[in-house]
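Protein chains get the first letters and strands the later ones, always in sequence-line order, with residue 1 at the start of each.
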Amino acid sequence: MREGTMDALLLVEDIHKRYGKEEVLKGVSFQLQKGETKVIIGPSGTGKSTLLRCINRLTEPDRGRVWLEGVEVTSRKVDINRIRAQIGFVFQDFNLFTHLAALDNVRLGPMRVLGMRRDQATKLAREELARVGLAGKEDAFPAQLSGGQQQRVSIARALAMNPKLILFDEPTSALDPELIGEVLEVMIQLAKDGMTMIVVTHEMGFARSVADEIIFMEKGVIVEQGPPAQLFSAPRHPRTAEFLSKITELYGETEG
Amino acid sequence: MEFFLKLGQVGQHLPMLMRASVVNLELLGALLVIGFLIGTLVALLQVYGGRVLSTGASVYEWVFRSIPALVLLFLFYYGPSHFGLDIQSFLAASLALGFRSSAYQSQIFRGAIQAIPSGQMMAARALGMSKLSAIRHVILPQAFRLAIPGWSNEYSSVVKDTTLAYAVTLNEIMRYAKTIMDRQYDLAMATFIVVALVFLVFTYSGNALLGLVERRFRIPGLQMPGATGAVL
Ligand SMILES: Nc1ncnc2c1ncn2[C@@H]1O[C@H](COP(=O)(O)OP(=O)(O)OP(=O)(O)O)[C@@H](O)[C@H]1O
Ligand SMILES: [Mg+2]
């Protein structure tokens with residue numbers, strides 16, 4: 001079954017995950033090409049975060065496999081830290097290291113994981129902070145930054161690892177409405193620059209304009225996936241239409 | 001008037017009392033280091049150790065928090081002689097009080113570790129850091145900062161405990177004071193007032209120093225829960 005999918009950057013195959021009695025993921029499969037942006041949408045509690053965490057095994061899937069450029073991530077023999085270093089992760093609530101200034105947050109990974117020299121890592125961290133529009137904020141601590149700025153630091157932290165893809169788990173959900181735009185702008189630019197991304201979000205404007213494909217998930221399965229134009233104008237599944245109209249009503253269509 | 005005369009007489013013993021108090025400081029240093037190292041380890045095992053290790057760590061903590069300090073001192077000093085081992089009083093006191101302090105310090109550190117949002121560990125692991133590396137570079141630097149107020153308390157408590165070591169023949173200040181009293185009973189009051197003053201100074205300076213450390217390492221912009229200034 002892997003013929004014709006060999007060129008996929010990421011291959012997710014039949015992922016299952018159970019918490020107690022509840023099966024949160026009931027066999028999820030999809031693939032991602034290099035440079036592609038996929039947006040995952042779906043109701044709360046559907047397993048979107050769990051799915052993202054299964055990809056780099058922050059959560060161990062019960063069953064199913066994940067490949068990154070032909071290397072099996074879910075193999076027992078793999079050095080998971082080396083895999084994780086190649087997959088960026090941006091969290092809903094940023095999870096910046098509180099005791100470190102922005103610059104140190106960004107260069108910690110390159111120095112401690114990639115073994116980069118301090119001066120090199122510093123140069124890189126400055127570049128990545130500038131890339132997310134935070135030049136001049138190198139010495140600011142997380143508690144001195146707005147939510148939007150913190151999330152951009154966390155994106156810079158992911159970028160500094162030069163990842164093959166970045167997973168975003170509702171990156172703007174914890175932000176005040178007026179701060180969402182600055183984060184979406186950065187993500188839109190990343191997509192344009194050819195970064196491979198999976199984004200869980202309720203920002204339909206972003207999904208519509210940036211996603212190559214949208215995955216609609218519900219109750220642990222993929223209900224429907226396809227290009228945004230198709231999903232928005234001609235959803236095949238009634239649940240998709242229902243969800244899309246509800247979510248657009250709820251969140252509007254803000255966009256960076 | 002007579003009392004001040006006696007204070008004057010104690011004055012001649014002052015150099016020896018001060019020298020003996022250095023032994024208390026040495027014991028304090030040793031027990032704090034032992035307590036700090038083991039306490040950190042015990043806290044880490046309790047939080048990250050998995051079932052077996054965390055249970056072991058908790059049993060250790062329970063044992064050394066439950067047994068009275070004097071009993072521990074006697075166990076460590078006289079206990080080894082049963083096995084034909086001669087243990088020096090300083091070593092016995094350092095170990096007994098150090099292990100005991102490690103149990104209390106582990107509670108302080110565990111609380112501090114658990115106060116750090118769990119997402120930071122996840123973020124570190126997501127970068128590809130090993131658990132140990134994440135603990136070293138992300139968790140402990142924050143935990144130690146958070147622990148300073150509690151640690152300051154522990155310091156105040158164990159600095160006084162060092163006098164208990166007189167019971168295992170360590171020539172520290174309390175033992176020396178008692179020798180003076182045994183020889184000249186009328187000097188007892190004045191002598192112990194001097195000893196008390198010494199500990200007022202020890203406690204004050206230790207807490208003041210820790211207050212400085214706390215301010216020096218304060219994280220900009222962050223309101224530390226339970227932060228204190230230098231208090232007695
Ligand atoms: N560590 C865990 N232990 C137990 N149950 C969990 C755990 N993590 C998630 N769950 C449960 O799994 C289900 C799916 O959670 P998940 O966070 O993946 O959903 P989600 O689609 O990301 O939802 P949201 O939109 O609210 O973020 C939920 O019912 C949740 O309670
Ligand atoms: Mg989620």
Steps toward side-chain hydrogen bond (donor to acceptor under 3.5 Å, both in side chains) verdict (B:Ser101, B:Glu154): CA-CA 8 Å; B:Ser101 180; B:Glu154 173 65 7; 2.7 Å; yes
Residues A:Glu127, A:Lys123; criterion salt bridge (Lys or Arg N to Asp or Glu O under 4.0 Å); working and verdict: CA-CA 6 Å; A:Glu127 285 166 11; A:Lys123 185 166 167 287; 3.3 Å; yes
Pair A:Arg63-A:Asp14, salt bridge (Lys or Arg N to Asp or Glu O under 4.0 Å): steps then yes or no: CA-CA 7 Å; A:Arg63 193 140 68 79; A:Asp14 196 32; 3.7 Å; yes
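Checking side-chain atoms of A:Glu36 against main-chain N and O of A:Lys34 turns up no donor-acceptor pair under 3.5 Å.
Taking chain A as the reference chain and counting heavy-atom pairs below 4.5 Å, the highest number among B:Arg125, B:His137, B:Met122 is found for B:His137. Interface remark: of the candidates A:Asp79, A:Ile83, A:Leu96, A:Leu96 forms the most heavy-atom pairs closer than 4.5 Å to chain B. Heavy-atom pairs under 4.5 Å with chain B were tallied for A:Phe89, A:Phe94, A:Phe91; the largest tally goes to A:Phe91. Heavy-atom pairs under 4.5 Å with chain A peak, among B:Ser118, B:Ser130, B:Ser133, at B:Ser130. Ranking A:Arg157, A:Gln86, A:Arg57 against chain B, the residue ahead of the rest is A:Arg157, based on heavy-atom pairs under 4.5 Å.
Of the atoms belonging to A:Leu145, not a single heavy atom falls under 4.5 Å from chain B. Looking at B:Pro117, neither its backbone nor its side chain comes within 4.5 Å of chain A, counting heavy atoms on both sides. Contacts between A:Arg53 and chain B at a heavy-atom distance below 4.5 Å involve the side chain alone, from C-beta outward.
For the atom pair CD (A:Glu203) and CD1 (A:Ile41), the distance works out to 12.0 Å, reported to the nearest 0.5 Å.
Note: B:Phe144 and B:Phe109 meet the aromatic proximity criterion, with ring centroids under 6.0 Å apart.
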